[in-house]
Structures are given as C-alpha cells and as structure tokens.
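Heavy-atom basis, side chains included; hydrogens, waters and symmetry copies ignored.
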Amino acid sequence: FSKYFTQSQRMDAKQEISYTLGSLMLRALARFLQETKKFLPEQLIIYRDGVGDMQKMGVYQQEITSILNSIGKDRPDFKPKIMFATVNKKVNTRIFTKDGPAGGRGGRRGSSDEGKQILSNPAPGTVVHSGITNSSQYEFLIMPQFVNEGTGTPAKVHVLYDSTGMPPELFEELTNVMCY
C-alpha cells in the first residue's frame with residue numbers, strides 16, 4: 001500500500017528549473033515524519049519530469065543542490081541516500097521487436113506474409129540500456145505502456161545524481177513498477 005503526498009508550486013511562464021525544490025522536499029519529509037511518527041526514509045528516489053537535454057546541467061546545479069543544502073541545513077543528522085532521475089517522454093527514438101513469422105503484438109510494421117518477420121511494439125516494461133543510449137551516462141529507455149495500435153514511444157530515464165548504490169537493474173524494475 002502506498003500513500004502519496006502532493007504539493008505544487010507556481011512557476012513563471014517558460015521557467016523550467018525550480019528554485020524552491022529544497023523547501024518542497026523539506027515539507028514532504030516533515031509530512032513523512034508526521035505519518036510514520038518515528039523515522040525518516042533511508043532513501044529518496046526522485047523522478048523529475050519535463051527536462052530537456054539542454055537543461056539537465058541547470059537542473060543538476062540548482063535543484064539537486066537545493067535539495068542537498070536544504071536537508072543539510074534543516075536536519076544535519078539526516079543523511080539519506082538520494083537518487084535523482086529525469087524522465088523525458090518527448091523522445092524521437094522508437095524501438096521494435098522482431099516477432100518472427102506471422103506472429104507478434106499490436107502495432108505491427110512490415111509484411112505479414114507467411115515466413116516473413118514483422119516488427120512490433122515491445123512489451124510494456126521493455127528496457128534498453130545499451131546500443132542506442134549514451135554509454136557514458138546512467139540512462140535507459142523504457143516502454144511504459146502497452147500499445148495495441150500505432151507506434152509506442154519509450155520514455156528516457158537519465159539518472160543525474162545517485163548516492164544510493166542501487167543496482168541499475170533494480171532501479172529499472174522500480175521505474176517499470178512505478179509506471180502502473
């Protein structure tokens with residue numbers, strides 16, 4: 001069973017980077033402490049939406065630093081492990097599976113003639129972390145939904161900060177579970 005605490009902030013038009021994320025995190029942690037009445041989390045895993053490739057360094061410099069500084073000032077004894085990942089749904093990359101002779105799932109491309117392979121959308125949860133991703137960065141593509149018609153679009157997940165030591169496969173699985 002999961003509970004979610006939500007809060008929002010108003011930002012100026014075309015402002016993409018949050019300058020108050022640290023204070024928002026402190027409010028979320030205070031709520032967590034109020035709900036549990038005993039403890040704070042050992043790990044914080046933050047998914048950040050709406051960050052283009054050109055903005056990632058600004059997000060890293062401002063938002064992650066804001067979170068780390070706010071936690072350090074307000075709760076100096078609290079040292080959670082943190083993972084901060086951006087999720088980009090505006091991806092031009094498409095991924096397909098070869099389904100073999102006359103088989104497959106929705107979103108087929110190519111001929112369905114006897115004996116010919118066809119391309120289909122991959123199954124939900126399919127992860128690609130090599131070959132078409134940047135091997136020098138911690139990023140992967142994930143198919144976050146089932147598509148039975150048309151072409152599915154993967155989401156690109158890029159980890160900007162990680163002090164958790166979580167194995168990539170476990171983070172990919174967690175990301176998949178969070179999609180549903």
Side-chain angles (χ1 to χ4, degrees), residues 1-9 16-18 21-22 24-53 55-68 70-72 75 78-97 105 121-148 152-180:
F1 179 71
S2 295
K3 285 186 176 183
Y4 296 93
F5 171 69
T6 61
Q7 52 188 329
S8 62
Q9 74 176 35
E16 298 292 334
I17 295 176
S18 171
L21 200 54
L24 293 172
M25 180 59 68
L26 288 178
R27 278 190 248 150
L29 290 170
R31 181 63 179 268
F32 186 93
L33 188 58
Q34 176 187 342
E35 290 289 322
T36 63
K37 296 178 180 33
K38 292 182 182 179
F39 61 91
L40 288 167
E42 294 176 17
Q43 293 187 44
L44 303 174
I45 299 174
I46 303 160
Y47 290 92
R48 168 65 157 90
D49 185 26
V51 179
D53 288 337
Q55 300 167 318
K56 286 180 184 174
M57 186 53 71
V59 164
Y60 181 84
Q61 291 171 339
Q62 177 58 43
E63 294 184 356
I64 296 171
T65 302
S66 173
I67 291 169
L68 295 172
S70 294
I71 290 172
R75 299 183 179 277
F78 176 54
K79 306 247 187 266
K81 295 177 180 177
I82 299 174
M83 182 178 287
F84 189 101
T86 62
V87 181
N88 188 348
K89 298 177 297 225
K90 295 178 183 172
V91 177
N92 292 324
T93 303
R94 300 295 181 261
I95 53 179
F96 300 96
T97 59
R105 294 173 291 280
N121 287 307
T126 299
V127 170
V128 177
H129 53 248
S130 63
I132 57 174
T133 57
N134 188 336
S135 61
S136 67
Q137 299 178 358
Y138 186 172
E139 69 179 23
F140 59 92
L141 297 169
I142 185 166
M143 185 59 83
Q145 74 278 336
F146 174 76
V147 179
N148 65 353
T153 304
K156 183 178 183 181
V157 180
H158 184 166
V159 177
L160 296 180
Y161 181 86
D162 180 18
S163 64
T164 66
M166 183 184 298
E169 296 79 17
L170 183 58
F171 180 60
E172 292 164 1
E173 185 178 329
L174 172 66
T175 301
N176 180 50
V177 170
M178 296 296 290
C179 290
Y180 308 102

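- Within the model, atoms OH of Tyr138 and NE2 of His129 stand 10.0 Å from one another, a figure rounded to the nearest 0.5 Å.
- Of all the heavy atoms in Pro144 and Cys179, the pair that sits closest is CB-SG, 3.6 Å.
- The line from CG of Asn88 to OG1 of Thr86 is 7.0 Å long, rounded to the nearest 0.5 Å.
- With a 4.5 Å cut-off on side-chain heavy atoms, Met83 and Ile46 do not count as touching.
- Within the model, atoms CZ of Arg27 and CD of Gln34 stand 13.5 Å from one another, a figure rounded to the nearest 0.5 Å.
- In this structure, Ser70 contributes its side chain and Ile67 its backbone to no donor-acceptor pair below 3.5 Å.
- In terms of modelled atom types and a separation under 3.5 Å, the side chain of Asn121 and the main chain of Gly152 share a donor-acceptor contact.
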Start with the C-alpha gap between Phe171 and Tyr47, add the side-chain angles, then the distance that decides, and say whether ring pair (Phe, Tyr, Trp, His ring centres under 6.0 Å) holds. CA-CA 11 Å; Phe171 180 60; Tyr47 290 92; 5.7 Å; yes
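- Considering only heavy atoms from C-beta on, Leu44 comes within 4.5 Å of Met25 through its side chain.
- The CD atom of Gln61 sits 8.5 Å away from the CD1 atom of Ile17 when rounded to the nearest 0.5 Å.
- Within the 4.5 Å cutoff, the side chain of Tyr60 has no heavy atoms near those of the Thr65 side chain.
- For the atom pair OG1 of Thr6 and CG of Leu24, the computed distance is 11.5 Å after rounding to the nearest 0.5 Å.
- In terms of heavy-atom proximity, Pro80 sits nearest to Pro41 at CB-O, 4.0 Å.
- The closest donor-acceptor contact from the side chain of Thr97 to the backbone of Pro122 lies at 3.5 Å or more, if one exists at all.
- More than 12 heavy atoms of other residues, nucleotides or ligands shown are found within 6.0 angstrom of CZ on Phe32.
- Side-chain contact between Glu35 and Phe5 is absent, with no heavy-atom pair separated by less than 4.5 Å.
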Glu139 vs Val157, test: side-chain contact (heavy atoms from CB on, under 4.5 Å). Steps then yes/no. CA-CA 5 Å; Glu139 69 179 23; Val157 180; over 6 Å; no
Would Phe140 and Ile142 satisfy side-chain contact (heavy atoms from CB on, under 4.5 Å), going step by step from the backbone distance to the final call? CA-CA 7 Å; Phe140 59 92; Ile142 185 166; 4.2 Å; yes
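- Put simply, the side chain of Ile71 reaches to within 4.5 Å of the side chain of Phe78, judged on heavy atoms.
- Using a 4.0 Å cut-off between a side-chain N of Lys or Arg and a carboxylate O of Asp or Glu, Glu42 and Lys81 do not qualify as a salt bridge.
- Within the 4.5 Å cutoff, the side chain of Thr164 has no heavy atoms near those of the Ile82 side chain.
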Should Arg31 and Thr36 be marked as a side-chain contact (heavy atoms from CB on, under 4.5 Å) after you check the CA-CA gap, both sets of side-chain angles, and the distance that decides it? CA-CA 9 Å; Arg31 181 63 179 268; Thr36 63; over 6 Å; no
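- More than 12 heavy atoms of other residues, nucleotides or ligands lie within 6.0 Å of CD in Gln145, so this atom counts as buried by the packing criterion.
- Looking at heavy atoms from C-beta onward, Val87 lies out of side-chain contact with Lys156 at the 4.5 angstrom threshold.
- Looking only at atom types and distance, the side chain of Gln62 has no donor-acceptor partner in the side chain of Ser18 under 3.5 Å away.
- The line from CD of Gln9 to CD of Gln7 is 8.5 Å long, rounded to the nearest 0.5 Å.
- For the pair Leu141 and Val127, the minimum side-chain heavy-atom distance is 4.5 Å or more.
- Closest approach of Ala30 and Arg75 over heavy atoms only: CA-NH2, 4.4 Å.
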